[in-house]
Every structure is written in structure tokens, then in C-alpha cells.
**Student:** 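Input: one structure, supplied below.
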Number of protein chains: 2
Amino acid sequence: MSTVKGARARARTEITAAIKDEARGQLAKEGAAKLSLRAVARELGMVSSALYRYFPSRDDLLTALIIDAYDSLGAAAESAHETVAGAEPLARWTAVCEAVRGWALAHPHEYALIYGSPVPGYTAPLTTVPAAARVGLLLIGIVRDAHEHGGLTEPPLPAELLGEAERMAADFAPGLPPEAVAALVAAWAQLYGLVGFELFGQFNRMVEDREPFFRHAVVRLAHGVGLRPVPPEEQA
Amino acid sequence: MSTVKGARARARTEITAAIKDEARGQLAKEGAAKLSLRAVARELGMVSSALYRYFPSRDDLLTALIIDAYDSLGAAAESAHETVAGAEPLARWTAVCEAVRGWALAHPHEYALIYGSPVPGYTAPLTTVPAAARVGLLLIGIVRDAHEHGGLTEPPLPAELLGEAERMAADFAPGLPPEAVAALVAAWAQLYGLVGFELFGQFNRMVEDREPFFRHAVVRLAHGVGLRPVPPEEQA
DNA sequence: CCATTGCAAGAGCGGTGCTCTCTTTTTGGT
DNA sequence: ACCAAAAAGAGAGCACCGCTCTTGCAATGG
């Protein structure tokens, strides 16, 4: 696949990477709205029109950065999860959630790019879906493990939502009780509410000690999904 | 205060309002990033430089729109609350939450303006604080009513958060148990996570039947704050 | 009545995304 | 080894943006 390749192809991938790096730098410094193709080109010593050989438009550059951001966040969450791989589900849940928060605080503009308001007039292409799903899959896996080892209490679910929850389970969380899937999706959204409020300043002059506040909220989120506070030792 | 005033002052307030209206229209159509002073002026039949007599910069126009959006959202929530004024706290809670969601779905770009990622390089001035607090105060009032009538179960709170929660209670929710205040702040953030995920397309291809999904999630949010599912009749 | 003030208009500066043309360089088939 | 084709860079240019400055006009109030 990625064999030696000609000098031209090699240069292309290198320049593409350089453009993304520079763009990511400007994104981190000024935010998505001020990301300017001309400024990126200027910084790289090329003329602005040359950049269009690599990204057909500013939106395409942004899309590439979005996918990278999803992947970076997903990798951070996965690596945090691996460091507690053997632990009880609740500990793994909080580890993943805290990794999400940590990544968001470290990369605020990238987080805003993917979970803030979408850049107006811009709709993310389907290409972003697999990268975007990584954190969700991680949480699903944790809850599934808990369920398979008897560490999951099914949360309540009104009858009118049962069908919807069953469809969701079949679609992307097979083997999980529908009650847990519905609660998990809600918890997932709520997690990003907590992170977003902290990141975007809504907690200013309200919550001071944010790290323990977040940790506690995340544990209660896990309880809401049905993860038991302390699982039994009976797991195979 | 707003007595007859001269023709000049009258014209000024009218033109200011016209500018905001046109800007709001463009905001609704294209989003904040594409809101252009020149386009607003063009549409109003004036030259762009004339607009600077009314708003010293694009950011100031945006700030005015932000305050209006907060007030519009707050008014929607308050009016929804009034229609169920005598009901049990849980019903009032869900009414307010659903009003927030309804307003957000009806005014997506304005919602993005205030609860999405902040416009990069822009930090909201303190002027926005009172308008921004209206929904929060509403929820605090509902929980306080429940507490005063014995319809509140204090949620769990780890010891390390007690001091922080007491400070928060003293700051903006006097008379409420600190446990409830901490849970309420978290629930508030989580509410906006739910709304944001639906609004910004994160639920696409995941949640189809969103209204009942949201209603159920909001009820569970209320339980998390300590609002009892069915309050006793014993209230004075 | 007239000076002061408020406002609209226009030109202009430096910036943006993007397109088009022209030239240079690399590539790959004959 | 050559040479057409493809790829890449350079530059000019279009239409737009926020914002500033100067100029002329009209309403205001002493």
C-alpha cells in the first residue's frame, strides 16, 4: 500500500501533512473561523492558489481537520481505556469520560470544531462517521462487558420508547438490553453537555472546583446507565 | 424613560431595531459566521459605513443579538412555566426543559450563537449575564419549591464536593440543600448536551423518535436532581 | 438664526475564498 | 531516450469582507 512511491507522491503526502499541521496550529491559536487558507499558504512559503492543489476548498481542509480531531480524541479515549483495561466497568467508564474532558481542555478549538456548533453552512460528510464513533463504541463496549458479567442494572424505560431503543440496540449495540442503550445514548449526550459547559465558559463564576465536579457527575451518569457502583467478584 | 423624544431619537431606535431584525434574519438564514454588516446595510438600503453609527463593530451587533437570544429563550421558558404554574415540580421541570428544546429547534442558529462554541476570538461581555441566567433561575425556583414542600430527595454528594456545593448554594441558590444545587448545575449542563446533540446532528442516524426520547431523558434528569416522580398531596 | 451635532455617503485599505491562465517540472509509455 | 501528458507552482484578478476617514447635508437647540 504505502510502498516507496515516486518522489512526487512522497512530496505530495508530505506537503499535505504540512498544510494540515500549519492549519491545525492556526486553528489552535485563533479558532476555526479565523483559519485562513492564505495565511496557511503564506506561512508555508507558497502562494495561496497552490494550496488548492491539495484541498479543493477551505471546507475540505476543515473536514480533514475534523476527522483528525475525532481520531485524536478517539485515540486519547482508547489509550486511557487501555490503561485500566482490567478494572471494573465503572472505573473504565470514568477513565474514558475523564480522557474526553482532558482532551477537550487540551484542544479546545478542535473540540469546538467537532462538538460545538457546526461551522455554519457546513455539514459534515459521511466520511467523518467512523472516526466520530470511536468514543461511543468504547462506552458501548464497557456497558456490554458489564452486562455480560452481570454488572448491569437495566434502567427504567417507558413503553413508548421501547421500539426505538430496540432499533438502536440492533443498529449499533447488539447484545445490549434496549433500556441500557437508550440510557447510554442520553448519557453520551449529557457527557458532552458537561464538557461543553466547562469548555465554553458557562461554568465561569459558578463551578470552581471543576475536576471533582466532573468526576462525580460522570459517576452518576454511569449509575444512570445501570453500571453498579461496586460490581461483584463473580465475574469469570 | 421612553417618552415622546425627538424625531431624531425616535428614528435612531427604529433604525437600530431594523438593523437587529435584518441581522437576526441573516443569522437565521446563514449562521453567525456569515452575518455580514455590508449585507445587512445593503438590505436596509443604506451604505455600510452608516451602520457603524449604530453598532461600533460586527462583534457589538453580535453581542446585541446574543442578549436578545438569551432573553427570547428565557421568555419562552418562563411563559411555558407559567402555563403549568400550579402543577407539581416535576411537570414544571419538564415543561421548562421542553420549552428550551422547542426554542432551540425553532431558532437553531441563535441557539448555536449562545450555547454552541463561542464565536472564536470573541468573549461575551458581562452584559449578557442577567439575560443568560433566566432559565437557570427558573429551574432553581422549581427545585426550591419542591424542597420547601417536601418534594425533594437530596441526591448523594461526595464529601470532597460539599464545600464547593455550599458555596454555589450561597452564591445563587440560597435556601437549597448543597446536594441539590450541585446536582442541579450538572443537570443543567446535561440538558444542553441533549439539546445540542439533537440540534447539531449528533443524533442523526441514531435517535429517530427524538421528542419522547428527550422527554424521558429530562424526567430522569429531574430524578437525578431529587424531584420525586409523584409528589405527595401534603403540600400546604 | 446659526453654530453644533448627528448622520449618510463615498472612497479606500488590507484582508478573505476562489478561479483562471501561464509556465515549469515530473512522470510514464513508446 | 524522447516526448506527450499530467501535476504542480506562480501570479493576476474577481467579488466579497470589516473597518476607517473625509466630506456634505440636515436636524437640533441655545
Side-chain angles (χ1 to χ4, degrees), chain A residues 2-20 22-23 25-27 29-66 109 113 118-123, chain B residues 3-20 22-27 29-66 109 113 118-123:
Chain A
S2 70
T3 43
V4 273
K5 293 185 297 185
R8 184 161 232 164
R10 174 183 301 265
R12 181 170 184 87
T13 66
E14 271 175 23
I15 293 180
T16 304
I19 291 172
K20 285 208 290 187
E22 177 59 33
Q26 295 201 9
L27 178 66
K29 250 184 298 184
E30 303 275 8
K34 301 221 167 166
L35 201 176
S36 142
L37 281 186
R38 293 181 107 113
V40 169
R42 206 180 302 128
E43 212 66 26
L44 260 47
M46 45 168 76
V47 84
S48 74
S49 60
L51 224 148
Y52 284 82
R53 302 274 178 199
Y54 299 88
F55 295 93
S57 83
R58 183 182 179 276
D59 276 1
D60 291 270
L61 213 197
L62 232 30
T63 300
L65 294 182
I66 286 177
H109 283 111
L113 194 59
V119 180
Y122 169 87
T123 50
Chain B
T3 41
V4 273
K5 293 185 295 186
R8 186 161 232 163
R10 173 183 301 266
R12 180 169 187 88
T13 66
E14 268 175 23
I15 292 181
T16 304
I19 291 172
K20 285 208 291 185
E22 177 59 33
R24 209 183 334 270
Q26 295 202 8
L27 178 66
K29 249 184 297 182
E30 301 275 10
K34 302 220 167 165
L35 201 176
S36 141
L37 282 187
R38 292 181 108 114
V40 170
R42 206 181 303 129
E43 213 64 28
L44 262 47
M46 47 169 73
V47 86
S48 75
S49 60
L51 226 149
Y52 285 82
R53 299 271 172 196
Y54 300 89
F55 295 94
S57 83
R58 183 182 178 277
D59 275 2
D60 291 272
L61 213 196
L62 231 30
T63 301
L65 293 183
I66 287 177
H109 283 110
L113 193 61
V119 181
Y122 168 86
T123 52

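As the structure is a computational prediction, the values presented were derived from the model and not from experiment. Chain naming here is simple, since letters A, B, ... match the order of the sequence lines and numbering starts at 1 in each.
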**Student:** Considering every strand and a 4.0 Å limit on heavy-atom distances, what is the contact class for A:Leu61: base, sugar-phosphate, or nothing?
**Tutor:** nothing
**Student:** Under 3.5 Å, which protein N or O atoms sit close to an N or O of nucleotides 6-10 of chain C? Give each pair with its distance.
**Tutor:**
from	atom 1	to	atom 2	distance (Å)
C:dG6	N3	B:Arg8	NH2	3.3
C:dC7	OP1	B:Arg12	NH1	3.0
C:dC7	OP2	B:Arg12	NH1	2.9
C:dA8	OP1	B:Tyr54	OH	3.1
C:dA8	OP2	B:Tyr54	OH	3.3
C:dA8	N6	B:Arg53	NH2	2.8
C:dA9	OP2	B:Val47	N	3.3
C:dA9	N7	B:Ser49	OG	3.1
C:dG10	N7	B:Ser49	OG	3.4
C:dG10	O6	B:Ser49	OG	2.7

**Student:** Which is true for B:Leu44 with a 4.0 Å heavy-atom rule: it touches a base, it touches only sugar-phosphate, or it touches nothing?
**Tutor:** nothing
**Student:** Nearest whole angstrom, please: distance from the C1' of C:dT16 to the CZ of A:Phe55.
**Tutor:** 19 Å
**Student:** side-chain contact (heavy atoms from CB on, under 4.5 Å) with B:Glu22: which residues, sequence neighbours excluded?
**Tutor:** B:Gln26, B:Val40, B:Glu43, B:Leu44
**Student:** Do A:Ser57 and A:Asp60 get their side chains close enough for a donor-acceptor pair, meaning under 3.5 Å?
**Tutor:** yes
**Student:** Going by side-chain contact (heavy atoms from CB on, under 4.5 Å), name the residues that satisfy it together with B:Ala17, two or more places apart in sequence or in a different chain.
**Tutor:** none
**Student:** I'd like the 5' and 3' limits of the part of DNA chain D contacted by chain A, with heavy-atom contacts below 4.0 Å.
**Tutor:** D:dA7 to D:dG13
**Student:** Please name all residues satisfying side-chain contact (heavy atoms from CB on, under 4.5 Å) with A:Arg53, sequence neighbours left out, ordered by chain then number.
**Tutor:**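 Checked A:Arg53 against side-chain contact (heavy atoms from CB on, under 4.5 Å); zero matches.
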**Student:** If you measure from CD1 on B:Ile19 to CZ on B:Phe55, what distance do you get to the nearest 0.5 Å?
**Tutor:** 5.5 Å
**Student:** Rounded to the nearest 0.5 Å, how far apart are NE2 of B:His109 and CD of B:Glu30?
**Tutor:** 8.0 Å
**Student:** Apply side chain to side chain contact (heavy atoms under 4.5 Å, CB included) to residues A:Leu37 and A:Tyr52 and explain how you reach the verdict.
**Tutor:** CA-CA 9 Å; A:Leu37 281 186; A:Tyr52 284 82; 3.2 Å; yes
**Student:** Could you give the CG-to-P distance, from A:Leu35 to C:dG15, as a whole number of Å?
**Tutor:** 17 Å
**Student:** With sequence neighbours excluded, tell me which residues meet side-chain contact (heavy atoms from CB on, under 4.5 Å) with A:Ser36.
**Tutor:**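 Scan of A:Ser36 (side-chain contact (heavy atoms from CB on, under 4.5 Å), adjacent residues dropped) gives A:Arg38, A:Ala39.
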**Student:** Starting from the 5' end of DNA chain C, give me the residue, B:Ser48 or A:Tyr52, whose nearest nucleotide shows up first.
**Tutor:** B:Ser48
